[in-house]
Structures are given as C-alpha cells and as structure tokens.
Amino acid sequence: MVRSLFLFICASFLSAQAARAEILFEGYSKILSGEEHIGYVISRYEFDSKKKHFVSTYFSKVGKGAGEVTESLKAIADSELAPISYEYTLLANKESTLIDAKFKGGALSGIMKKGKKVQRIEKKIPKGTFLSTFLVYLMLKSKEGLRSETNYEYQAIAEEDANIYKGQALVGKEEMFNGFKVFKILNTFKDIKFLSYVNERGEVLGTNAMGQGITTELVANPSEATSGQSYSATLLKTLFGSVPAGQDNVMARAQKLKEREANAPPPSKQMGVPQGQGIIIKAQPEKADSKGN
C-alpha cells in the first residue's frame, strides 16, 4: 500500500505541467541534548517534474558562538534515485569542509576542500549505491515498501566524507510518536546506530542517536525549532531558493486543522436546518361525529 502511494506520488509529479519542483516534504526539527534545546534542522525533499530529479536540501545549526556548528547539503538524484550530484558544507570552530561531487558512468568525481587544503576525489560507484539522504525514499520504492518487520540492507554514500558504507535498516512494528502512527526504524550506518520514527509517507517525525543523547523532533512551526537560535535568511535563500515555510509535513497539517476547528463558528439555526423546516408534525386523528348529527 505504501509503495503504491509512493509510485502514485511520483507518477503525479511526472505528469505535472509545472516546471518547478514539487515539495514532497519540508519541515523544521528541533535538536535536543537530553532536555536541552541546542539547535535545529531544516529539511526539504522535492521532485523536479521537468528534469525528473529528486532533490534533497538540508541545513542544521547546533550551539552558539565559538562552539557553533553548521551543516548544509544539496543532493540530486534521478527518478530511480541514482546519484547525480551533491554539495556538502560543514563549518565548525572556524574550520570549514566543502565537498562538490558529480556522478557519471558509474563513477564519482569531485573535490574535497578542508580549510586551504584541496583534495580530488575519484572513485568507482557500485551499481545500486545511492546518497544516504535518500534512504527513506529508497525503502518506499523497494519491492517490500515501507512495512513492519522488514530488513533492508544497502550501501550508500555518506555525504560528509564521500565514502561508501554498508548499512542496515530494521523496520519494527507501527507505534505512536507524538500522537502520530509511525514505523520505528533501527538504522546502522558507519557503525553508528540510530532510531528514526517515520510515517507511511516517508516523513521523519523524529530521530534518536543512540548512546549520544541527541534527538530530533519535527515541529509544526519554524519558531519552535529556531527558538533562541539565530539564522541567516540570506543563507537559507541561497541554499533553498527561499526561506522555507516548513508547512509541508504531517505536524503542520495537523496544527492547521486544529486551528480551523478552534476558529470555526458555533452551529446556529442559520447554518443548520432553516426555521420551520425539517420538523415532523404527527397527523391528528379526525374527531368522530357526535351522535345524533
């Protein structure tokens, strides 16, 4: 069912007349260390119906001042989710890392720049390898689809170092997370285990980096994620094309529905059945004629 939904979404976008990319998901998540709110993540997935490309765009910020760390990613894959290109940046303690990679003919070529040091990247890419940012969509598109008690083994490119690693995603039974039904997925990648809480549309509602005490939670409004954290509108416009509204996700849709219901006017006679209509009056029995008349 979920796989059919995924294919239906893709087909709809492929037949769309608009040249602009259609948003599959866009949302803001807060990053927590225990109970402390330490940062935020902005994520968007799109499908470009003209180029038949999937696009993943990502920005995160953790900490303040000298300890601030920011990451960004712009990744592109074809309609089968095979890699086309990506750009990754990391800025931590005034040290920067930049990776600019392109894929063609089963090979990756690009550059990695750390500070002033520039290194060329050239390597063969085994068939079936994809960019790790698209894992959930690969699972949706797989023969099994996204369903409980499945084991999905894969090999993917870690965007932060351009290396290929084997991974495993174990999908558990459906459960509730922040009021929504999700699949609990245990993912092992780069020898790191983390949990993801994903709904049937592939929307990630939360994550848990096991053993590190770091979690993320999708929120309905950007201010909930960025509260107390600065952000650059110019930077976000450069990366995303505009400042993301963060409203294309299940949390935001549920919040809007709740607000509409709260603001709906109370029912009245004017909104219900018009006065004098819809009232059933039982017929009265005819009176018997008086004797002698």
Side-chain angles (χ1 to χ4, degrees), residues 2 24-45 56-63 69-73 75 77 81 83 86 88 90 92 97 99 129-142 144-219 225 249-251:
V2 176
L24 300 171
F25 169 86
E26 181 182 279
Y28 286 66
S29 297
K30 57 184 178 181
I31 303 174
L32 303 169
S33 176
E35 297 296 322
E36 184 183 1
H37 187 174
I38 61 172
Y40 61 89
V41 182
I42 309 171
S43 181
R44 178 195 287 168
Y45 287 93
S56 171
T57 311
Y58 167 103
F59 177 81
S60 72
K61 178 180 177 297
V62 175
V69 177
T70 62
E71 269 185 302
S72 69
L73 174 70
L81 293 167
Y86 79 88
Y88 169 84
L90 170 68
T97 299
I99 299 177
T129 304
F130 58 93
L131 293 166
S132 68
T133 186
F134 293 112
L135 173 59
V136 170
Y137 288 92
L138 258 294
M139 294 174 72
L140 280 171
K141 195 175 184 295
S142 69
E144 295 80 11
L146 184 57
R147 61 184 178 86
S148 296
E149 301 182 347
T150 55
N151 177 18
Y152 189 80
E153 296 184 349
Y154 62 90
Q155 57 183 14
I157 299 160
E159 293 85 1
E160 66 273 16
D161 59 22
N163 287 322
I164 301 170
Y165 301 90
K166 290 185 177 180
Q168 181 186 51
L170 297 173
V171 184
K173 293 181 179 180
E174 284 187 295
E175 60 182 66
M176 300 302 291
F177 181 84
N178 287 347
F180 297 92
K181 188 177 288 187
V182 297
F183 295 98
K184 183 178 180 179
I185 302 174
L186 173 60
N187 191 28
T188 304
F189 188 61
K190 296 179 68 173
D191 294 324
I192 299 172
K193 294 182 182 294
F194 60 94
L195 295 171
S196 295
Y197 301 90
V198 184
N199 69 9
E200 66 173 13
R201 294 177 61 90
E203 300 178 339
V204 179
L205 277 67
T207 62
N208 184 346
M210 300 173 66
Q212 299 179 32
I214 304 296
T215 61
T216 68
E217 291 183 18
L218 180 67
V219 293
N249 62 77
V250 66
M251 293 289 290

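Here the structure is a predicted model, which is why all the values come from computation and not from measurement. Position 1 is the first residue of the sequence, and the numbers go up from there.
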Closest contact, heavy atoms only, F134 versus A77: CE1-CB, 3.7 Å
Spacing of F189 atom CZ and F194 atom CZ [to the nearest 0.5 Å]: 8.0 Å
Residue pair M251 / V219, side-chain heavy-atom distance below 4.5 Å: no
Rounded distance (nearest 0.5 Å) linking atom CZ of R44 with atom CG of L24: 11.0 Å
Under 3.5 Å side-chain donor-acceptor pair for T129 and Q155: yes
Side-chain heavy-atom pair Y152, L138 within 4.5 angstrom cut-off: yes
Nearest-0.5 Å distance that lies between atom CG in N208 and atom CD in E217: 10.0 Å
Single hit among L218, I31, T207 for side chain to side chain contact (heavy atoms under 4.5 Å, CB included) with V41: I31
Straight-line distance of T70 OG1 to F59 CZ, nearest 0.5 Å: 5.0 Å
Steps toward side-chain contact (heavy atoms from CB on, under 4.5 Å) verdict (Q168, N151): CA-CA 7 Å; Q168 181 186 51; N151 177 18; 3.2 Å; yes
side-chain contact (heavy atoms from CB on, under 4.5 Å) between N199 and F177, intermediate numbers included: CA-CA 10 Å; N199 69 9; F177 181 84; over 6 Å; no
Nearest heavy-atom neighbours spanning L186 and M210: CD1-SD, 3.7 Å
Nearest non-hydrogen partners of A158 and S132, listed with the distance: CA-OG, 4.3 Å
Heavy-atom pair of closest approach, residues A162 and I99: N-CD1, 4.2 Å
Over all atoms of both residues, closest heavy-atom pair of E174 and S148: N-OG, 3.5 Å
Side-chain heavy-atom pair L90, Y88 within 4.5 angstrom cut-off: yes
Smallest separation among heavy atoms of H37 and K30, with atom names: NE2-CB, 3.5 Å
Verdict with supporting geometry, S56 and T133, side-chain hydrogen bond (donor to acceptor under 3.5 Å, both in side chains): CA-CA 7 Å; S56 171; T133 186; 2.7 Å; yes
Side chains of V182 and E175 in contact at under 4.5 Å (non-hydrogen atoms): yes
Inter-residue atom distance I157.CD1 - N163.CG, 0.5 Å rounding: 9.5 Å
Verdict with reasoning, D161 to K190, per side-chain contact (heavy atoms from CB on, under 4.5 Å): CA-CA 11 Å; D161 59 22; K190 296 179 68 173; 3.1 Å; yes
Validation row: V171, E144 side chains within 4.5 angstrom (heavy atoms): no
Note, K173 side chain near E149 side chain (heavy atom, < 4.5 Å): yes
side-chain contact (heavy atoms from CB on, under 4.5 Å) between L131 and E159, intermediate numbers included: CA-CA 7 Å; L131 293 166; E159 293 85 1; 3.4 Å; yes
Verdict with supporting geometry, K193 and T188, side-chain hydrogen bond (donor to acceptor under 3.5 Å, both in side chains): CA-CA 5 Å; K193 294 182 182 294; T188 304; 3.2 Å; yes
Gap between atom CG of N249 and atom CZ of F25 - 0.5 Å precision: 5.0 Å
Ring centres under 6.0 angstrom apart (F130, Y154): yes
Side chains of M139 and V198 in contact at under 4.5 Å (non-hydrogen atoms): no
